[in-house]
Amino acid sequence: MSWRIEIKEAVQRKGMTQRQFCKRTGIHLNEYNTIINKDRSLSIKVALALEMYNIRTAYYWLNRQLKEQLKTAKTSDDRF
(Lines give C-alpha, C1' and ligand atoms only; values in the text may rest on other atoms or scores of the structure.)
Protein backbone atom coordinates (compact mmCIF):
# COMPACT_ATOMS: atom_id res chain seq x y z
CA MET A 1 0.00 0.00 0.00
CA SER A 2 1.20 3.47 -0.81
CA TRP A 3 2.23 5.53 2.19
CA ARG A 4 0.00 8.31 0.88
CA ILE A 5 -3.08 6.10 0.99
CA GLU A 6 -1.98 4.82 4.37
CA ILE A 7 -1.92 8.39 5.73
CA LYS A 8 -5.36 9.15 4.32
CA GLU A 9 -6.85 5.99 5.82
CA ALA A 10 -5.11 6.48 9.17
CA VAL A 11 -6.59 9.97 9.54
CA GLN A 12 -10.02 8.53 8.74
CA ARG A 13 -9.58 5.76 11.33
CA LYS A 14 -8.96 8.46 13.94
CA GLY A 15 -12.48 9.68 13.16
CA MET A 16 -11.34 12.88 11.46
CA THR A 17 -11.99 14.28 8.05
CA GLN A 18 -9.05 15.74 6.17
CA ARG A 19 -10.39 19.20 6.94
CA GLN A 20 -10.64 18.46 10.68
CA PHE A 21 -7.12 17.03 10.78
CA CYS A 22 -5.74 20.10 9.04
CA LYS A 23 -7.62 22.52 11.26
CA ARG A 24 -6.47 20.77 14.45
CA THR A 25 -2.84 20.59 13.38
CA GLY A 26 -2.48 23.90 11.56
CA ILE A 27 -1.65 22.19 8.26
CA HIS A 28 -3.10 23.91 5.20
CA LEU A 29 -5.71 21.70 3.55
CA ASN A 30 -4.14 22.41 0.17
CA GLU A 31 -0.75 21.17 1.40
CA TYR A 32 -2.29 17.99 2.80
CA ASN A 33 -4.24 17.31 -0.39
CA THR A 34 -1.26 17.87 -2.66
CA ILE A 35 0.74 15.38 -0.57
CA ILE A 36 -2.02 12.77 -0.74
CA ASN A 37 -2.45 13.36 -4.49
CA LYS A 38 1.28 12.87 -5.21
CA ASP A 39 1.93 16.48 -6.18
CA ARG A 40 4.13 17.28 -3.17
CA SER A 41 6.57 15.47 -0.91
CA LEU A 42 5.73 14.86 2.70
CA SER A 43 6.96 17.72 4.84
CA ILE A 44 8.47 17.29 8.27
CA LYS A 45 5.65 19.46 9.65
CA VAL A 46 2.97 17.07 8.37
CA ALA A 47 4.94 14.02 9.54
CA LEU A 48 5.14 15.55 13.03
CA ALA A 49 1.42 16.36 12.95
CA LEU A 50 0.67 12.70 12.19
CA GLU A 51 2.88 11.67 15.09
CA MET A 52 1.10 14.13 17.36
CA TYR A 53 -2.15 12.24 16.72
CA ASN A 54 -0.47 8.87 17.29
CA ILE A 55 -0.57 8.00 13.62
CA ARG A 56 2.82 6.33 13.68
CA THR A 57 6.04 8.29 14.08
CA ALA A 58 7.33 11.10 11.90
CA TYR A 59 10.40 8.93 11.26
CA TYR A 60 8.16 6.13 9.95
CA TRP A 61 6.48 8.37 7.38
CA LEU A 62 9.63 10.12 6.25
CA ASN A 63 11.42 6.78 5.94
CA ARG A 64 8.59 5.38 3.79
CA GLN A 65 8.82 8.42 1.54
CA LEU A 66 12.60 8.14 1.27
CA LYS A 67 12.42 4.45 0.34
CA GLU A 68 9.91 5.25 -2.40
CA GLN A 69 12.07 8.08 -3.75
CA LEU A 70 15.16 5.86 -3.81
CA LYS A 71 13.27 3.09 -5.60
CA THR A 72 11.97 5.55 -8.19
CA ALA A 73 15.44 7.00 -8.73
CA LYS A 74 16.98 3.59 -9.20
CA THR A 75 14.37 2.43 -11.69
CA SER A 76 14.59 5.64 -13.74
CA ASP A 77 18.40 5.56 -14.03
CA ASP A 78 19.99 2.67 -15.93
CA ARG A 79 23.21 2.96 -13.94
CA PHE A 80 21.61 1.43 -10.85
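Note that these values count all heavy atoms, side chains included, but never hydrogens, waters or copies made by symmetry.
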On a heavy-atom basis, the closest approach of Val11 and Thr17 is CG1-O, 4.0 Å

Any luck finding a side-chain donor-acceptor pair between Trp3 and Glu68 under 3.5 Å?
-> yes

Is there a path from Leu29 to Ile36 through hydrophobic residues (I, L, V, M, F, W, Y) whose side chains come within less than 4.5 Å of each other?
-> no

Check whether Ile7 and Ile5 end up in the same hydrophobic cluster, where Ile, Leu, Val, Met, Phe, Trp and Tyr are linked by side-chain heavy atoms less than 4.5 Å apart.
-> no

Contacts of Glu9 that satisfy side chain to side chain donor-acceptor pair (under 3.5 Å) - sequence neighbours left out | none

Joint cluster assignment, Leu66 & Leu42, ILVMFWY side-chain distance < 4.5 Å | no

Take His28 and Cys22 through the test side-chain contact (heavy atoms from CB on, under 4.5 Å) and record every step on the way to the result.
-> CA-CA 6 Å; His28 289 281; Cys22 291; over 6 Å; no

Counting only heavy atoms not in Lys67, do more than 12 fall under 6.0 Å of its NZ?
-> no

For the atom pair OG (Ser41) and CZ (Arg4), what is the distance rounded to the nearest 0.5 Å?
-> 6.5 Å

Flag if over 12 foreign heavy atoms under 6.0 Å of CZ, Arg40 = yes

Rounded distance [0.5 Å steps], CD1 in Ile27 versus CD in Gln18 = 13.0 Å

Could you give the distance from NZ (Lys8) to CG (Asn33), rounded to the nearest 0.5 Å?
-> 8.5 Å

Inter-residue atom distance Met16.CE - Thr25.OG1, 0.5 Å rounding | 8.0 Å

Verify same cluster id: Tyr32, Tyr53 (apolar side-chain graph, 4.5 Å) | yes

Working to the nearest 0.5 Å, report the span between CG of Leu50 and NZ of Lys14.
-> 10.5 Å

Please collect all salt bridge (charged side-chain N to carboxylate O under 4.0 Å, His left out) contacts where either partner lies in residues 45-55, sequence neighbours excluded, each pair once.
-> none

Donor-acceptor contacts under 3.5 Å from residues 55-62 side chains, at least two apart:
{"unit_1": "Arg56", "atom_1": "NE", "unit_2": "Glu6", "atom_2": "OE2", "d": "3.3"}
{"unit_1": "Thr57", "atom_1": "OG1", "unit_2": "Tyr60", "atom_2": "N", "d": "3.0"}
{"unit_1": "Tyr60", "atom_1": "OH", "unit_2": "Glu6", "atom_2": "OE1", "d": "3.3"}
{"unit_1": "Tyr60", "atom_1": "OH", "unit_2": "Glu6", "atom_2": "OE2", "d": "3.0"}
{"unit_1": "Tyr60", "atom_1": "OH", "unit_2": "Arg64", "atom_2": "NH1", "d": "2.8"}
{"unit_1": "Trp61", "atom_1": "NE1", "unit_2": "Ile55", "atom_2": "O", "d": "2.7"}

